[in-house]
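Accompanying notes for the structure given below.
For this chain, numbers begin at 1 and follow the sequence in order. What you see is a predicted model; the values in this text were computed from it and never measured.
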Amino acid sequence: MEVIARNLPEGLLFQRINDAKQYLDASINTVVETLIEAILLVILVVYVFLQDIKSTLIPTISIIVSLIGTFAFMQMAGFTLNLLTLFALVLTIGTVVGDAIIVVEAVQANFDKGYRSPYLASTDAMRNVAMALFTSSVIFMVVFISVSMIGGTSGAFYRQFGLTMAAAIGISALNAFTLSPALCALLLRPYTDENGVEKQNFAARFRHAFNAIFSVVSAKYAHIAFRFMKHKYISLGIVAAAIGLLVVLVRITPMALVPDEDTGMLYVNLNTKPGTSLSENAKSLAQMDRILRNIPGIAHQAMTKGYSFTGSGSNSGMFFVPLKPWEERGKDESITAITEKINEAAKGIDGAQVMVMSPSLIPGFGTCNGFDLNLEDKNGGSIERFQQIKYRFIAELSQQPEISMGYSEFSVDYPQYWLDIDAAKCERAGISPNAILQTIQGYYGSSYISNFNRFSRLYNVTMQAEPDARVNAESLNNIYVRLENGEMSPVAQYVKLTRTQGPQSLSRFNMFNSINVTGTPSAGHSNGQAMEAIERVAKKTLPLGYGYEYGGMSLEESKSKGNFALVFALSLLIIYLVLASLYESLILPFAIILAVPVGILGSFVMAQLLDFQNNIYMQTSIVLLIGLLAKTGILHHLPMA
């Protein structure tokens, strides 16, 4: 396009209308920045707790090695560098650094015991922590690998995330058993010399100050922990209360497959009354165009007439509305604020229905965000009754607090003509009704004739009457059909036109007559909450023999409702089985597993406080948290812990 643009006439240029790459590039750049910030913050935190440059260098090298190995695995597995895999890499940083820290801390603990040889300190440290490292790494990997086997659309998200995390953890474990102890033997030295005298430098002073504060905090924590150990029933009561509260929070946290994102793009559908001519519809579109030009945050807009994402016809139209880049927009120019401004201004367009939508985050599962469903007439009743049921359904749906608006373009009020053919006259004239229909089709609706080659190109030949020759019913008097004897006879004497009304098109879903209904959740509500409202409205308004089925992304979201419970139960089961086999006990694993719901409770408390949704990103993070909680419990069984 850049090459072609250089050859365009002066004043003519290309304008990007719908470019999904801009959103992806901006998102990936943000995640890459987060990845770099995470690495720097982890290195800083590691230095604060290890208080030594050489000790900090070993976990840093572990991060780099694990990331390189993970990228190599992604290349071999055919994974792309997308938001989920980058999200996994960000979480990987905090996960993989832990194994190296355990090794370094174990070596430092041996130095504190009086070890002078770095080699012996590293060797004995690995004997102490090897089992814990192996167990926690195996649990981590098995949990992620098992979760990645979940099917469906949400399973595709779990698959790339889970396998990427499993590969990173496996590489981190291999690094902890090989590279980290070798680096400890090469780089680490005791803080004191042979006489037990410690060097007095900045690192030593910082270490003394930090350890003094940390010792006080640790002592208070140990005191509280011992008190709970003496009152086991209180501890069990807290665990039971945490599990109960977790169940409540899981139920009330809004559910969604993917979060609502500012993609930098909006679609504006506009439909006028059925039967509106294209020229009259153009006036409403021009009014909408003026509205869009005056709303800040919109870069430009492109108009289409006679087509929209919800239908086509002379009364349909839509706008593609790309927004300004995120960094150029003000505080009140978010995609939500702009949508509200468009909806408010569109109320001034008489006789027009306007619906504002944003693109679907997952290509191939619908064109827009929000919900998509199909009302079904399982009785095979009249289409007029079906429309009245649709009106009641949408009216009730739009009154729900979870729904911003419900929308359907379907109508049985489109002006039409009913064509009756006098079969007796056709037979007396020696012409078939089919010939009459073909003639009318050719003049009014167009008919393909043939092709011809000219100037090395293929051209279509299509027959159709001039627009002014088919503008009204009287034009039938000027259309003739050839009889068997070769004479021409006017079509009008064989047909009768009757004005009527009917739908522009009929559709079927699951073999039943259906009406498509789309809509968007209201601000602060998720698609999951909107679908719960749809279920309530359907029970209230749909008579016996009428139902609904979801389509597009809504269908996938309805299928994935139970995935979180499945992931949680599967993760706990795997942790229990692995721990039971490694510790050869059926009771000991519960000491670790009971800590998992308490830890996850914190995630849902924060989700409620920050108004987050329980979507695929939160669920993958919880899978990681389950592994981390299990790992922490395993490390508490170390002698040094």
Side-chain angles (χ1 to χ4, degrees), residues 18-36 38-39 62-97 99 137-176 178-179 257-259 261 263 359-367 552-553 555-557 559-560 563-564 566-567 570-571 574 615-624 626-627:
N18 192 0
D19 187 1
K21 187 174 181 297
Q22 287 183 320
Y23 166 71
L24 292 175
D25 287 344
S27 300
I28 289 175
N29 289 337
T30 302
V31 177
V32 170
E33 292 175 3
T34 305
L35 184 65
I36 296 172
I39 292 174
S62 176
I63 294 174
I64 297 171
V65 171
S66 297
L67 287 178
I68 293 173
T70 305
F71 276 114
F73 167 79
M74 290 169 58
Q75 179 71 24
M76 290 186 295
F79 290 170
T80 58
L81 198 63
N82 52 51
L83 292 178
L84 272 176
T85 51
L86 283 172
F87 180 54
L89 290 174
V90 172
L91 298 180
T92 295
I93 295 171
T95 306
V96 302
V97 74
D99 293 338
S137 298
V138 167
I139 286 178
F140 246 146
M141 293 181 65
V142 172
V143 166
F144 281 114
I145 291 173
S146 301
V147 167
S148 66
M149 295 180 183
I150 294 176
T153 303
S154 58
F157 291 107
Y158 285 119
R159 191 169 302 115
Q160 289 206 19
F161 175 85
L163 293 180
T164 301
M165 287 295 298
I169 292 164
I171 295 169
S172 172
L174 181 63
N175 178 77
T178 55
L179 181 61
L257 182 59
V258 292
E261 296 280 359
T263 58
S360 174
L361 286 178
I362 307 177
F365 292 94
T367 55
M553 181 59 68
L555 177 61
E556 299 301 323
E557 191 163 340
K559 290 180 178 178
S560 64
N563 273 4
F564 175 74
L566 175 63
V567 169
L570 182 62
S571 301
I574 290 170
N615 53 47
I616 193 70
Y617 291 107
M618 182 174 179
Q619 291 169 17
T620 50
S621 301
I622 287 176
V623 174
L624 172 66
I626 291 172

If you define the side chain from C-beta out and look only at heavy atoms, does anything of V623 sit under 4.5 Å from Q619? no
Residues passing the side chain to side chain contact (heavy atoms under 4.5 Å, CB included) test with S62, sequence neighbours excluded, are S66, A100, N175
To the nearest 0.5 Å, what is the distance between OG1 (T34) and CD1 (I39)? 11.0 Å
Would you check, one step at a time, whether the test side chain to side chain contact (heavy atoms under 4.5 Å, CB included) holds for I622 with I626? CA-CA 6 Å; I622 287 176; I626 291 172; 4.2 Å; yes
How long is the gap from CD1 on I145 to CZ on F140, to the nearest 0.5 Å? 13.0 Å
Using every non-hydrogen atom in the two residues, find where I171 and T70 come nearest and quote the distance to one decimal. CD1-N, 3.5 Å
Supply the atom-to-atom distance L624 CG to T620 OG1, rounded to the nearest 0.5 angstrom. 8.5 Å
If you look at every heavy atom in F144 and A166, which pair is closest and at what distance? CB-CB, 4.1 Å
Just to verify, what does Y617 make a ring-ring contact (aromatic ring centres under 6.0 Å, His included) with, not counting sequence neighbours? F87
Over all atoms of both residues, closest heavy-atom pair of S137 and D99: OG-OD2, 4.0 Å
